[in-house]
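Naming convention: chains lettered A, B, ... in sequence-line order (proteins, then strands); numbering from 1 in each chain.
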Amino acid sequence: MLRMSTLLLRTLRDDPADAEVASHRLLVRAGYVRRVAAGIYSWLPLGYRTYRKIENIIREEMDYAGFQEVHFPSLLPREPYEETNRWSEYGPDLFRLKDRRGSDYLLGPTHEEMFTLMVKGEFSSYKDLPLSIYQIQTKFRDEPRPRSGIIRGREFVMKDSYSFDIDDAGLEASYQRHREAYIKTFNRLGLKFNIVSAMSGAMGGSKSEEFLAPCPTGEDTYVLCEKCGFAANVEAMVTKVAPYVGEVAPTFEVFDSPNTPTIDSLVELVNAKFGGSITAADTLKNVLLMADGAAIAILVPGDREVDLKRVAANLPGVQDLRLFEDEDFAKYPALVKGYMGPQDAQALGVKVYADPRITLGSHWITGANQKDKHSRFVTHGRDFSVTAFVEAAEVKAGDLCPQCETPVVIDRAIEIGHIFQLGRKYAQALGLTVLDHNGKAQVVTMGSYGIGVSRAVAAIAEQTYDEIGLNWPPEIAPADVHLVAAGKDDAIFDYATKLALELETAGLTVLFDDRREASAGVKFKDAELIGVPYIVIVGKSLAEGRIEFRVRSVGSKVEFGIESAVSEILNAIR
RNA sequence: CGGGGCGUAGCGUAGUGGCUAGCGCGCCUGCUUUGGGAGCAGGAGACCGGGAGUUCGAAUCUCCCCGCCCCGACCA
């Protein structure tokens with residue numbers, strides 16, 4: 001039983017000034033968490049109970065799936081991370097420290113190295129595989145910008161699993177087992193989620209999916225087809241285009257276009273000059289990028305922006321990608337800012353990549369690579385060619401689903417889980433091999449699977465809260481019932497105390513508001529803020545032998561007679 | 001790291017050069033009240049983020065530093 005008269009809890013009437021998103025605001029107001037530093041939070045009793053419920057559900061489902069729990073240190077030596085090159089690759093996001101002798105240590109941002117070395121130290125035969133092990137651990141990342149309270153911290157708790165298999169088929173099976181365990185876990189947590197195909201990016205793997213919990217304050221944008229259920233990270237969205245079937249354009253021509261450095265001004269000028277009604281979609285935008293120190297041009301239709309994330313995710317092997325800056329133009333005097341066109345790319349020494357919408361045979365209005373001049377009828381395949389097609393343009397709502405060609409919607413979400421097939425990168429780097437049937441050493445293939453445990457608290461809060469406070473699903477709430485003694489009479493407190501004990505005896509956890517000094521109104525407001533799903537009120541109707549039972553999520557109120565109160569409550573809850 | 005904003009009591013805030021830094025919530029004492037964040041009276045609680053400067057005088061002006069929030073970049 002949690003007695004509010006003695007609980008370490010102070011609810012706040014005002015929103016904290018530094019909290020923007022609902023989960024942060026309400027978790028602070030309801031006394032679940034307190035901020036210690038940017039992206040670093042303490043859990044108070046109520047918050048920690050909810051946190052632990054989530055952790056335990058995750059643990060149960062991992063154990064049920066046959067994965068084995070281990071626990072590694074957070075404070076780690078430099079060497080293993082040196083071997084996988086992450087000591088330097090991880091960059092400034094890694095919390096680093098030195099011991100008294102000056103040796104380098106780090107606070108683990110993720111634990112691939114430890115898991116891999118653990119298996120290497122213990123196992124050496126294909127007969128030991130497959131193996132899946134996991135831990136629930138505090139992770140440290142010195143985020144450039146922690147934000148949204150609990151959602152993105154510098155210290156956070158993650159459940160991370162790793163699978164070890166002798167071959168690709170084994171990895172695929174381990175991956176599927178995790179996928180299924182994740183679906184069960186998130187369903188139990190009461191989270192709405194979409195599974196979205198994702199790029200594995202820098203981690204060096206292949207197949208990868210994210211579990212995204214839709215909510216307006218989420219920081220991930222993804223594409224969803226409401227018809228066929230296709231869902232993808234914007235980076236992984238594939239553009240559906242039909243081959244060009246229009247007429248062959250006339251020979252391209254250059255025309256004067258003074259003071260026309262933008263798409264809008266170009267559209268206006270062309271329509272005035274040639275009397276047409278072209279739009280930005282008829283123009284070709286040439287965006288210059290620096291890719292690992294080399295200039296490249298990206299072609300997209302004039303009505304779309306270049307999405308750098310998409311380009312980076314789809315241009316293999318490029319490490320550093322950024323927009324051209326004025327200094328870069330200074331280094332390439334032949335590139336005329338505002339008047340770029342792909343026609344002279346070879347001569348200018350610039351590799352050109354085109355968004356798939358720039359189909360072969362299509363023609364465009366674009367820059368003439370001379371100040372104050374543009375060209376029209378510039379035709380792909382005739383007047384210019386490209387190094388490759390690359391997904392480059394921003395994804396917009398209404399773009400066609402690559403599976404069923406229905407217009408897609410764009411939604412926001414919190415990433416609550418990520419599963420991916422790591423492959424042999426870490427096993428290779430750290431020398432994890434096992435002997436196969438023939439006694440020959442084989443490099444093990446790995447999968448890596450994460451769930452944001454502390455983040456899940458915030459994600460559930462985000463998906464369930466309402467105007468008056470938190471509103472937990474029963475499995476997650478810090479208590480099963482919130483019992484309010486509303487009144488001053490000893491009779492009310494005596495009965496409420498008795499009822500609280502009976503409910504506890506029946507197996508429920510009771511958050512008992514036994515504060516003598518607080519008014520009924522205060523207690524009701526606090527109960528609503530705290531968000532326990534069932535509220536029992538012992539108050540004025542006790543004189544007639546009745547108590548009140550409310551369901552937080554729907555706001556319903558019914559009365560039960562005290563002689564059957566416990567069984568009625570149990571009934572209503574189950 | 002770029003852009004914007006903010007730092008005054010546990011929380012929310014007022015105070016743009018002048019007396020003892022004001023108010024609300026919360027906290028303590030007493031009385032009253034008692035089913036929707038109660039009333040009255042009395043109280044405790046602030047190195048005004050830090051440092052340097054300008055000035056007879058600085059929460060207030062200047063410079064530097066630190067911290068925090070938001071947008072972007074980046075990221076599980």
Side-chain angles (χ1 to χ4, degrees), chain A residues 8-21 24-25 28-29 31 34-40 90-94 108-112 137 139-149 151-154 156-160 198-203 208-212 217-220 233 235 307-309 312-313 320-323 325 413-420 448-456 459 468-469 484-489 492-493 513 515-529 535 537-543 547-548 550 557:
Chain A
L8 174 56
L9 172 71
R10 191 107 295 156
T11 58
L12 304 178
R13 196 175 298 205
D14 301 309
D15 284 336
D18 62 356
E20 198 86 354
V21 301
H24 187 196
R25 243 177 45 228
V28 172
R29 271 193 63 204
R34 289 290 181 257
R35 194 185 67 81
V36 172
I40 303 176
Y90 223 97
D93 281 12
L94 195 62
T110 167
H111 284 76
E112 281 81 357
Q137 239 292 14
K139 308 286 181 183
F140 300 86
R141 295 186 195 172
D142 194 359
E143 286 286 328
R145 183 151 92 85
R147 76 182 99 183
S148 310
I151 294 175
R152 178 176 217 76
R154 293 193 294 171
F156 59 98
V157 178
M158 180 159 117
K159 188 288 306 175
D160 52 332
M199 290 299 195
S200 43
M203 304 302 276
S208 168
E209 289 169 297
E210 287 174 358
F211 289 72
L212 298 182
T217 52
E219 52 181 355
D220 283 29
N233 204 302
E235 283 94 318
D307 183 332
L308 270 181
K309 279 184 171 181
D320 179 42
L321 191 71
R322 60 173 175 82
L323 285 170
E325 288 160 12
I414 300 171
E415 183 182 346
I416 47 173
H418 196 166
I419 53 178
F420 56 100
S448 154
Y449 318 90
I451 293 178
V453 182
S454 45
R455 177 180 279 185
I468 55 177
V484 175
K488 199 196 168 188
D489 296 349
I492 286 174
F493 277 82
D513 197 342
R515 292 175 296 176
R516 305 228 44 146
E517 65 285 3
S519 70
V522 167
K523 292 181 177 181
F524 295 154
K525 292 285 185 203
D526 276 346
E528 285 151 359
L529 216 210
I535 302 170
I537 298 161
V538 178
K540 61 183 180 188
S541 58
L542 182 68
I547 56 151
E548 187 177 318
R550 298 183 184 179
K557 304 177 184 182

Closest approach of A/R29 and A/D14, non-hydrogen atoms and distance? CG-O, 3.6 Å
Between P on B/rU13 and CG on A/D15, what's the gap in Å once rounded to a whole number? 9 Å
Same-atom distance (P) from B/rG67 to B/rU8, integer angstrom: 16 Å
How would you list, by chain and number, every residue that makes a salt bridge (charged side-chain N to carboxylate O under 4.0 Å, His left out) with A/D142, sequence neighbours excluded? A/R154
Nucleotide pairing, RNA chain B (Watson-Crick or G-U, distances under 3.5 Å), in dot-bracket with [ ] and |: ((((((((.[[[[.)..(...]]]].((((((.....)))))).....[[[[[..)....]]]]])))))))....
Produce the list of close N/O pairs, under 3.5 Å, pairing protein atoms with atoms of nucleotides 67-73 of chain B; give distances to one decimal.
residue: B/rC68; atom: OP1; partner: A/A38; partner atom: N; Å: 2.9
residue: B/rC71; atom: OP2; partner: A/R145; partner atom: NH1; Å: 3.2
residue: B/rC71; atom: OP2; partner: A/R145; partner atom: NH2; Å: 2.7

For A/F493, is the NZ or CZ atom of A/R516 found under 6.0 angstrom from the centre of its six-membered ring and inside 45 degrees of the ring axis? yes
Can you tell me the distance, in whole Å, between the OH atom of A/Y90 and the P atom of B/rC74? 16 Å
What pairs with A/D526 under side-chain hydrogen bond (donor to acceptor under 3.5 Å, both in side chains), at least two apart in sequence or on another chain? A/T11, A/R515
For every nucleotide of nucleotides 26-47 of chain B, 5' to 3': is a protein heavy atom under 4.0 Å from its base (B), only from its sugar-phosphate (S), or from neither (-)? SS------BBBBS---------
Is there a donor and acceptor pair closer than 3.5 Å between the side chain of A/E143 and the base of B/rA76? yes
Restricting to salt bridge (charged side-chain N to carboxylate O under 4.0 Å, His left out), what partner residues turn up for A/D489, sequence neighbours left out? none
Work out how far the C1' atom of B/rC27 is from that of B/rG35, and round it to whole angstrom. 25 Å
Taking C-beta and beyond as the side chain, do A/I451 and A/F211 meet within less than 4.5 Å on heavy atoms? no
